[in-house]
Amino acid sequence: MTEDASVEGSPRTFRLMYRSHSLIAAEERKVALGELFSAARSNNKSRQVSGALLLTEDWFVQVLEGEEETVRSLFAHIKLDPRHDRVGLLDADLVDGRVFARWAMARLGEDGEPDIPLIAHTDGISPAAGRRTTSEQDRVLGVMRDASRATA
């Protein structure tokens, strides 16, 4: 798998970004998201899919990176998941490299606060060890943040 930033001469990667409205009840979120992401991380790893997911109280914005057919198939499956609705494709294109090769997801920070990379466990989600983000990660996270705040 490639590094976080694109490398000159590396093959192009398909990146897809979508936004959806969460239907998971607040009291069920911690456990439900922990279970969901533990399964997703395992499945995505076997498919060589990477990405990031930003969470707010009501919205998900996710980036998926990998082989185009695999990512599009995964997105088709995601659209059918009853844990969310109003699934909307924000962007889908070939890019120079993976931006989130080592990320599973991130928690959207409040205004002025940083996003926090997260790691999933079967009993919930916790912050990952701190690492600086690259300028390309910051750019894509900014687009994701804006999409999570857009009016539905």
Side-chain angles (χ1 to χ4, degrees), residues 1-6 12-26 28-110 113-122 124-128 131 133-152:
M1 198 169 286
T2 62
E3 294 299 316
D4 289 334
S6 61
R12 296 184 44 90
T13 298
F14 183 72
R15 180 181 301 143
L16 182 146
M17 184 186 305
Y18 74 90
R19 179 177 96 142
S20 66
H21 177 253
S22 175
L23 297 176
I24 302 171
E28 298 171 7
R29 272 184 84 107
K30 184 176 180 180
V31 171
L33 292 174
E35 292 170 354
L36 179 125
F37 295 121
S38 290
R41 285 179 62 207
S42 175
N43 292 335
N44 289 351
K45 184 177 180 179
S46 70
R47 295 178 182 134
Q48 296 184 335
V49 171
S50 59
L53 175 68
L54 293 184
L55 310 167
T56 67
E57 291 302 314
D58 297 319
W59 294 94
F60 301 120
V61 179
Q62 185 168 24
V63 168
L64 299 168
E65 300 171 323
E67 193 276 322
E68 183 171 358
E69 184 177 330
T70 302
V71 170
R72 286 191 185 277
S73 175
L74 179 57
F75 180 58
H77 179 76
I78 287 169
K79 289 192 299 187
L80 301 175
D81 191 312
R83 292 173 282 205
H84 62 175
D85 64 4
R86 295 187 259 169
V87 180
L89 181 64
L90 300 173
D91 189 42
D93 205 359
L94 286 173
V95 295
D96 288 332
R98 294 177 191 253
V99 173
F100 299 111
R102 296 181 180 157
W103 286 43
M105 67 194 97
R107 181 175 64 91
L108 182 66
E110 298 295 325
E113 293 181 4
D115 296 317
I116 302 170
L118 301 175
I119 198 163
H121 306 281
T122 55
I125 300 170
S126 62
R131 272 175 58 160
T133 55
T134 66
S135 60
E136 183 64 5
Q137 286 171 334
D138 289 338
R139 185 189 70 74
V140 175
L141 288 169
V143 171
M144 294 171 76
R145 178 182 284 111
D146 291 344
S148 74
R149 294 180 179 149
T151 305

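In this chain, residues are counted from 1 in sequence order. All values reported here derive from a predicted model rather than from experimental measurement.
For the residue pair Asp81 and Arg83, the shortest heavy atom distance occurs at OD2-NH2, 2.6 Å. Scanning both residues, Val87 and Ser20, for their nearest heavy atoms gives CG2-CB, 3.7 Å. Contact between Asp96 and Arg12 at its shortest, heavy atoms only, is OD1-NH1, 2.6 Å. Considering every non-hydrogen atom in both Leu23 and Pro82, the closest pair reads CD1-O, 3.6 Å. Pairing each heavy atom of Val99 with each of Glu65, the nearest pair is N-OE2, 2.9 Å.
Between Tyr18 and His84 the shortest side-chain heavy-atom distance falls below 4.5 Å. Residues Thr56 and Arg149 fail the side-chain proximity criterion, which asks for heavy atoms closer than 4.5 Å. Looking at heavy atoms from C-beta onward, Arg15 lies out of side-chain contact with Asp93 at the 4.5 angstrom threshold. Put simply, the side chain of Met17 reaches to within 4.5 Å of the side chain of Met144, judged on heavy atoms.
Ring planes of Trp59 and His21: perpendicular class, angle over 60° (limits at 30 and 60°).
Looking at Arg47 and Thr70, their side chains never bring a donor and an acceptor atom within 3.5 Å of each other.
Taking OG1 from Thr13 and CD from Glu68, the interatomic distance works out to 11.5 Å, rounded to the nearest 0.5 Å. With values rounded to the nearest 0.5 angstrom, Asp91 atom CG is found 8.0 Å from Leu16 atom CG. Taken from CG in Leu53 to CG in Leu36, the straight-line distance is 8.5 Å, to the nearest 0.5 Å. Here Lys79 contributes atom NZ and Asp85 contributes atom CG; the two are 14.0 Å apart, rounded to the nearest 0.5 Å.
Among the candidates Leu54, Val61, Asp58, the single residue satisfying the side-chain contact (heavy atoms from CB on, under 4.5 Å) test with Ser148 is Val61. Test Leu64, Val71, Val49 against Phe14 for side-chain contact (heavy atoms from CB on, under 4.5 Å) and you get one pass: Val71.
The residues Glu69 and Arg72 are annotated as not salt-bridged, no charged nitrogen and carboxylate oxygen being separated by less than 4.0 angstrom.
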Can you list the steps and then say if Asn44 with Leu74 is a side-chain contact (heavy atoms from CB on, under 4.5 Å)? CA-CA 9 Å; Asn44 289 351; Leu74 179 57; 3.5 Å; yes
